[in-house]
Number of protein chains: 2
Amino acid sequence: MAEALSTALGKQGVVIDHTMCLADAAELTRQNTYDAILLDRRLPDGEGLDFIPKLRRSGIETPIIVLTAHNEPSERVTGLDTGADDYLGKPFLVEELMARLRAVLRRPAGLIEPQIVTGRMVIDPLHLSVAVEATPLELPRRELLVLVTLAKRRGRTVLRSVLEAAVYNYEEEIQSNALDAHISRLRKRLLDAGAGVTIHNIRGVGYLLKED
Amino acid sequence: MAEALSTALGKQGVVIDHTMCLADAAELTRQNTYDAILLDRRLPDGEGLDFIPKLRRSGIETPIIVLTAHNEPSERVTGLDTGADDYLGKPFLVEELMARLRAVLRRPAGLIEPQIVTGRMVIDPLHLSVAVEATPLELPRRELLVLVTLAKRRGRTVLRSVLEAAVYNYEEEIQSNALDAHISRLRKRLLDAGAGVTIHNIRGVGYLLKED
DNA sequence: CTTCGGGTAATGCTGCTGCAACGGTCGAGC
DNA sequence: GCTCGACCGTTGCAGCAGCATTACCCGAAG
């Protein structure tokens, strides 16, 4: 199931780290910062819901959506009251999951703006879409992710490592200057489209998106 | 329906203002501040969803849960993407509505990221970014590290050895006045940028960052 | 089969950064 | 107040790490 979801969401542009058990999940959440967590209930090493209070107690406020076959109303109540932000019973449409993800990400005001306006561009980080002067700009997935990550922190430097984490999950590792290549191609595309925006490099640190 | 809900929720201790139409709802939200809004779609004076963008545009961030008989997945997607925080199809249990209310109210109002404000600068030590009066200041890596460590302990003397440790790892060793050189170049850059901050030297001890 | 995304690698270039030299400054001790 | 020595500030220079760009190729999707 998780496999299927990964590829399905991957096509929507979402980058996913995936594990089979709670122990690994704990490790991942300790080391990374995620936009959201999708949680199943029935897991090899325990009940998924038990994970929620542990996470919250360690100060992590990442939104959690529980995905599960346990879909009785009473179970939904327990799930939500344990600390989940939303609860979606199987089977469900990927469409709806995406919509609920967007709803949940929209919430923490200031973390993710629904629309970013910069230069001549309008960027929607939730739907992963970009437009220049109201005409949509089609970008390959990885370049899109780079642009959105930069746009979310526009005007501030974005560490190279942050960009890498945003574009690649931990299974994909890059052995070359793939990221640089994406930046370069993205620059060209932004220029051709007249985006009114420039990507600066901070040598040894990262990149920075600035309006012209 | 609303009557039944009012009494049911009333028993749970919820206090409700209730209206039949969008016009009154607009009036109420203008004059009061609510913890949450429950919204039906089919209303005498229009589509309930149209109410959401109006509310958001007027700066009201109150969580909204849509309650409706329109319960196709595609309709749920539209509802959520219009700006609703949750979407619950009729019929539903009061139990579940309460749980979803709690989930929506629990959400943090936004995370404050730790940043240092000094002089005319804003420094984000986590993302290693610096801005003067909201315009980003691009600094080379080593100068950046110097500035951040000084800023973290601004107003207090920072030992020379501490600075060296912050800028160089134990494998790199310096046989010259490289650190002094960085300080010098950093000073110049801060001056040019009008950072409103000065780096003082404490002879034989270390350096000190002070606001002008 | 074609197209396009995207990873790799070679090439050239930019500018950071370590170094050293020199001049300036501070303060202790007389 | 003077002197001396240690410490600090500044700046030019050369080397090289890191980045930009481009061509190429593989593989997945249609």
Side-chain angles (χ1 to χ4, degrees), chain A residues 3-4 6-8 10-15 128 130 137-150 157-164 166-192 198-210, chain B residues 128 130 137-150 157-192 198-210:
Chain A
E3 289 299 329
S6 282
T7 58
K11 277 179 195 158
Q12 308 276 339
V14 182
V15 179
L128 291 176
V130 183
L137 178 59
E138 307 252 335
L139 290 176
R141 199 171 65 100
R142 304 233 120 123
E143 291 174 35
L144 185 61
L145 290 170
V146 169
L147 178 59
V148 169
T149 331
L150 286 174
T157 45
V158 181
L159 295 184
R160 200 188 183 78
S161 59
V162 172
L163 276 175
E164 283 173 2
V167 177
Y168 298 91
N169 68 36
Y170 64 98
E171 285 179 346
E172 313 165 307
E173 57 184 74
I174 34 178
Q175 304 149 359
S176 73
N177 61 347
L179 185 62
D180 305 54
H182 286 304
I183 298 259
S184 174
R185 291 189 272 247
L186 177 57
R187 276 194 181 121
K188 182 157 171 35
R189 278 210 172 82
L190 292 180
L191 198 69
D192 292 350
T198 319
I199 300 176
H200 293 259
N201 168 263
I202 317 282
R203 193 165 261 252
V205 183
Y207 290 88
L208 170 65
L209 185 77
K210 257 170 53 175
Chain B
L128 291 178
V130 182
L137 180 59
E138 306 181 21
L139 291 176
R141 197 166 66 100
R142 303 237 117 121
E143 292 173 34
L144 187 60
L145 291 171
V146 169
L147 177 59
V148 169
T149 39
L150 284 175
T157 318
V158 182
L159 293 184
R160 197 187 185 81
S161 59
V162 172
L163 274 176
E164 281 174 3
V167 176
Y168 298 91
N169 67 37
Y170 56 97
E171 286 180 350
E172 312 166 307
E173 58 184 74
I174 36 176
Q175 302 142 3
S176 74
N177 62 345
L179 184 61
D180 304 53
H182 286 305
I183 298 258
S184 169
R185 290 189 272 247
L186 178 57
R187 276 190 181 129
K188 182 158 170 34
R189 277 210 171 84
L190 292 180
L191 197 68
D192 291 350
T198 319
I199 299 176
H200 295 264
N201 169 263
I202 314 289
R203 188 163 259 256
V205 183
Y207 289 88
L208 169 66
L209 185 77
K210 257 170 57 177

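So you know, we letter chains A, B, ... as the sequences are listed, proteins then strands, and number each from 1.
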Item to check | Nearest heavy-atom neighbours spanning B:Leu208 and B:Thr157 | outcome: CD1-N, 3.7 Å
Item to check | Heavy-atom donor-acceptor pair, A:Asn177 side-chain to D:dT21 base, under 3.5 Å | outcome: yes
Checklist outcome for this item: note: B:Leu190, atom CG; D:dT10, atom P; distance rounded to Å ~ 12 Å
Checklist entry - Of all heavy-atom pairs between A:Asn201 and A:Arg187, which one has the smallest distance, and what is that distance? => result N-NH2, 4.1 Å
Item to check | N/O donor-acceptor pair, side chain B:Arg203 with base D:dC7, under 3.5 angstrom | outcome: yes
Checklist entry - Of the nucleotides C:dG7, D:dG9, C:dC16, which one has an atom closest to the side chain of B:Pro140? => result C:dC16
Checklist entry - Quick one: B:Leu186 CG to D:dT11 P, roughly how many Å, whole number? => result 14 Å
Checklist entry - Between B:His182 (NE2) and C:dC16 (P), how many Å, whole number? => result 11 Å
Checklist outcome for this item: Of C:dG7, D:dA20, C:dT17, the nucleotide closest to the side chain of A:Asp180 is D:dA20
Checklist entry - What integer distance in Å separates A:Arg141:CZ from C:dG7:P? => result 9 Å
Checklist entry - If you look at every strand shown and take non-hydrogen atoms under 4.0 Å, does A:Ala178 touch a base, only sugar-phosphate, or nothing? => result base
Checklist entry - Side chain of B:Thr149, backbone of B:Val167: donor and acceptor closer than 3.5 Å? => result no
Next on the checklist: If you compare every side-chain N and O of A:Ser176 against the phosphate oxygens of C:dT8 (OP1, OP2), does one of them come in below 4.0 Å?
Outcome noted: yes
Item to check | Stepwise side chain to side chain contact (heavy atoms under 4.5 Å, CB included) check, A:Val205 with A:Leu159 | outcome: CA-CA 6 Å; A:Val205 183; A:Leu159 295 184; 3.7 Å; yes
Checklist entry - With respect to the phosphate group of D:dC7, does any side-chain polar atom (N or O) of B:Tyr207 fall under 4.0 Å of OP1 or OP2? => result no
Next on the checklist: Does A:Arg185 contact C:dG7 through a side-chain donor or acceptor facing the base, at a distance under 3.5 Å?
Outcome noted: yes
Checklist entry - Taking CZ from B:Arg187 and P from C:dT25, how many angstroms apart are they, rounded to a whole number? => result 13 Å
Checklist entry - Between D:dA20 atom P and A:Leu208 atom CG, what is the distance in whole Å? => result 12 Å
Checklist entry - Between B:Arg142 and C:dG18, does any side-chain N or O lie under 4.0 Å from OP1 or OP2? => result yes
Item to check | Below 4.0 Å: OP1/OP2 of C:dG7 and any side-chain N or O of A:Tyr168 | outcome: yes
Checklist entry - Do B:Pro140 and B:His182 come within less than 4.5 Å of each other through their side chains, counting heavy atoms only? => result no
Checklist entry - Nearest-Å distance, CD1 (B:Ile202) to P (C:dT25)? => result 18 Å
Checklist entry - Quick one: A:His200 NE2 to D:dC19 C1', roughly how many Å, whole number? => result 15 Å
